[in-house]
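Convention: sequence-line order gives letters A, B, ...; per-chain numbering from 1. Reckoned from all heavy atoms, side chains included, excluding hydrogens, waters and symmetry mates.
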Amino acid sequence: MARAAAKSHVLTDSSDRAANLRVAAVFAEIADLLEVEGENPFRIRAYRNAAHELGALGRDLAAMLAAGDDLTELPGVGDDLAGKIGEIVDTGSCAMLDDLHRVWPATIHDVMGVPGVGPKRARTLFEQLGVRTLAGLQAAAQQQKIRELTGFGATSERNILDALAGLLGTGRRLPLAEARVHGERLLTRLRAAPGVIEAVIAGSYRRALATVGDLDFLVTARSHNGAIAALVGAPDVAHVLAEGPTRATVVLRSGLQVDLRVVGRDSFGAALHYFTGSKAHNIAVRRLGVARGLKINEYGVFRDERRVAGRTEASVFAAVGLQFIPPELRENRGEIAAAAAGELPQPIEARQLRGDLVLVAAGDEPGAVVAAAAAAARARGLEYLLIVHAVPGRSRAAIDWDARTRAAADACAEHELAPLQGLELDIAQKTCPEVHVDFVAARLSHAPRAASHPALLRIVAGAREADAARDPTPLVQAAVGGALAVIGDPAHLPELEPQLRAARVAGVPVVLGSGGEPGGGQASRLDLAVSQARRAWLEAEAVLNSRPLAEVREHLAPRRQARRRS
DNA sequence: GCCGTTTTCGGCCCGACTGTTTTCAGTCG
């Protein structure tokens, strides 16, 4: 079929992990359809686990197969799934999925995705009303056919219509910086609610994932009702999806879903751990608990009926023999083994930074840009600024670089900050203006061919699409001997973590910077950069601007010094 | 369908809330 042809085309691209993603997609769809069939839940989970593991796998399945590797070594993959992986990589599909498609339409997945409609109801809708698509679902609801079905009613029907109209959780993921605005506002409201002792945001927000799907609030309180009422009654709540004595779920007008859980003080640590996730991390920790005869849930750690830990997160980790794991590391990507061995990294903290990095575009007035950035830097106790002057690609007008660097230096001095100044060229540019600067930087918008390394390298937006969609390693390699500059730009946050991870693996130091956005926001941009560095397991030692100015100056100094460290 | 410091069989996380029920199934996180 046409479908198969399209798939094989995808798989001929062996330079990336297309095969992994294809296999993960097939397994995920099989899991969905088995769920509709009402299969054994553990069998379904096996497919779902495998889909999750393979989607995040660092190695190329097609290459592993070609090399004759044993796929059952992979987590969640046994003899059966190993065989199916081979089948999918070879043919693009899998007989089992084809069989399922003879019974269930592929689009039933969309119906299942409607909030309030799961696999069982999707099956009922399909079998009783012939609903195969979202359009069909909407038509059935509008004709009031759904309320006639057993297990449904007028309320369910209305909820389905609301969901289809996009009124209920949109599923859109919000950039971290944007979620922070909503989060902080609600946090203030919850903390002021009667009876509330403590309120925090857990979930992927706390793990500093670049985008978050919802906000998870956790509250300890003397009385439950205060916090629940405060959330449900918040001014920008569009819909209340659930409201009980210990939890509530609402959708804000922005489409952001917000969950609130209220727990007792003795359960706070266990609940915080539980609701911070990630899911994969939690399952792995619980598995450790089971091996020690412990049951771990959001209320605590229990041996038989007796609570043995749970007041703090640290007590939960300690109960299963782990060091405290910072939230940004909780992705089940090796942090549990590291914590068990006492070998966790100590991720960089914002307070360890001594300097910020400011970008001055060719059209900017350097004095004004640097003055704004310097004031913000001074306010957070920084000591110096790395000032990067962009050199335009081709410009006929002579630019007075001495005047520009002098203006920047003066602006720094006014705020009692030390400046370190450099020129930034596109990596393809051959000539550099004749002016004394402390370092030379390169902006990299495509894979580098140039042999001469700049001291500081910055991957600009767009490079990711062009050359590093899946692996920024080749870009980062260009910074060996120098450093990689990473700006906490909210719009490009998802690109940062892979870049930072690649830098760590390559042993390339990084500079974390705000970029110096005029009009404020430096502080949060710097914090965003730090949060992604933490997710990438970077320690202070790997962050150049956590070191004293003299060391940064020496590290970035052009040519000779840079070459000394091979 | 996977997995094993107790296991090659018998486990696999589980509690809260809703809507439809008359004791609970389905969904969600």
Side-chain angles (χ1 to χ4, degrees), chain A residues 27 30-31 34-36 38-54 71-85 96 111-125 146-160 163 168-169 171 202-204 213-218 224 228 232 239-251 257-263 267 270-271 273-302 321 340:
Chain A
F27 284 175
I30 288 175
L34 288 179
E35 207 170 13
V36 172
E39 248 287 357
N40 171 6
F42 301 109
R43 188 177 176 217
I44 295 165
R45 188 185 300 166
Y47 279 97
R48 211 154 261 156
N49 279 346
H52 181 81
E53 294 284 354
L54 298 175
L71 297 183
T72 63
E73 297 292 314
L74 297 171
V77 176
D79 289 337
D80 185 86
L81 293 188
K84 288 197 170 75
I85 291 172
M96 179 183 178
V111 179
M112 283 171 66
V114 174
V117 181
K120 298 290 189 297
R121 292 182 142 194
R123 175 177 183 161
T124 304
L125 289 162
I146 291 177
R147 63 179 64 190
E148 308 296 335
L149 301 175
T150 10
F152 293 80
T155 309
S156 304
E157 194 175 74
R158 194 180 58 247
N159 286 344
I160 286 171
L168 309 182
S204 52
D214 60 9
L215 285 178
D216 297 297
F217 286 87
L218 182 66
H224 290 163
I228 299 283
V232 169
H239 285 272
V240 177
L241 294 183
E243 181 185 358
T246 65
R247 63 173 300 181
T249 300
V250 302
V251 178
Q257 180 168 317
V258 177
D259 295 311
L260 169 65
R261 286 293 295 255
V262 183
V263 298
S267 298
H273 177 255
Y274 185 92
F275 292 111
T276 296
S278 66
K279 194 169 186 172
H281 167 93
N282 284 355
I283 289 172
V285 169
R286 263 181 255 131
R287 200 169 286 157
L288 283 182
V290 169
R292 293 171 171 239
L294 299 170
K295 185 177 80 166
I296 302 175
N297 59 27
E298 62 263 56
Y299 299 105
V301 181
F302 300 89

Nearest-Å distance once atom C1' is located in both B:dT8 and B:dC3: 10 Å
OP1, OP2 of B:dC28 versus side-chain N and O of A:Q257: anything below 4.0 Å? no
Suppose you measure atom P in B:dT27 against the same atom in B:dT21; what distance do you get, rounded to whole Å? 15 Å
Measuring to OP1 and OP2 of B:dT20, would you say a side-chain N or O of A:S156 lies under 4.0 angstrom away? yes
For nucleotides B:dG1 and B:dT5, find the distance between their P atoms and express it as a whole number of Å. 23 Å
For B:dG26 versus B:dT20, give the span between their C1' atoms, rounded off to a whole number of Å. 10 Å
Between A:A50 and A:F27, which heavy-atom pair has the shortest distance, and what is it? CB-CD1, 3.9 Å
A:N49 side chain N/O closer than 4.0 Å to the phosphate oxygens (OP1, OP2) of B:dG1? no
Using a cut-off of less than 4.0 Å, is there contact between a side-chain N or O of A:T150 and OP1 or OP2 of B:dT20? no
I'd like the C1' distance from B:dC12 over to B:dT6, given in whole Å. 16 Å
Are A:T155 and B:dT20 close enough that a side-chain N or O sits under 4.0 Å from OP1 or OP2? yes
With a 4.0 Å limit, can you tell me whether A:K279 has a side-chain N or O closer than that to the phosphate oxygens OP1/OP2 of B:dC28? no
Locate the shortest heavy-atom distance separating A:A46 from A:L81; write the atom from each residue and the value. O-CD1, 4.1 Å
Between A:N40 and A:T249, just flag the one whose closest nucleotide in DNA chain B comes earlier from the 5' side. A:N40
On DNA chain B, does the nearest nucleotide to A:Y274 precede the nearest nucleotide to A:I283 from the 5' side, or the other way round? Give the residue. A:I283
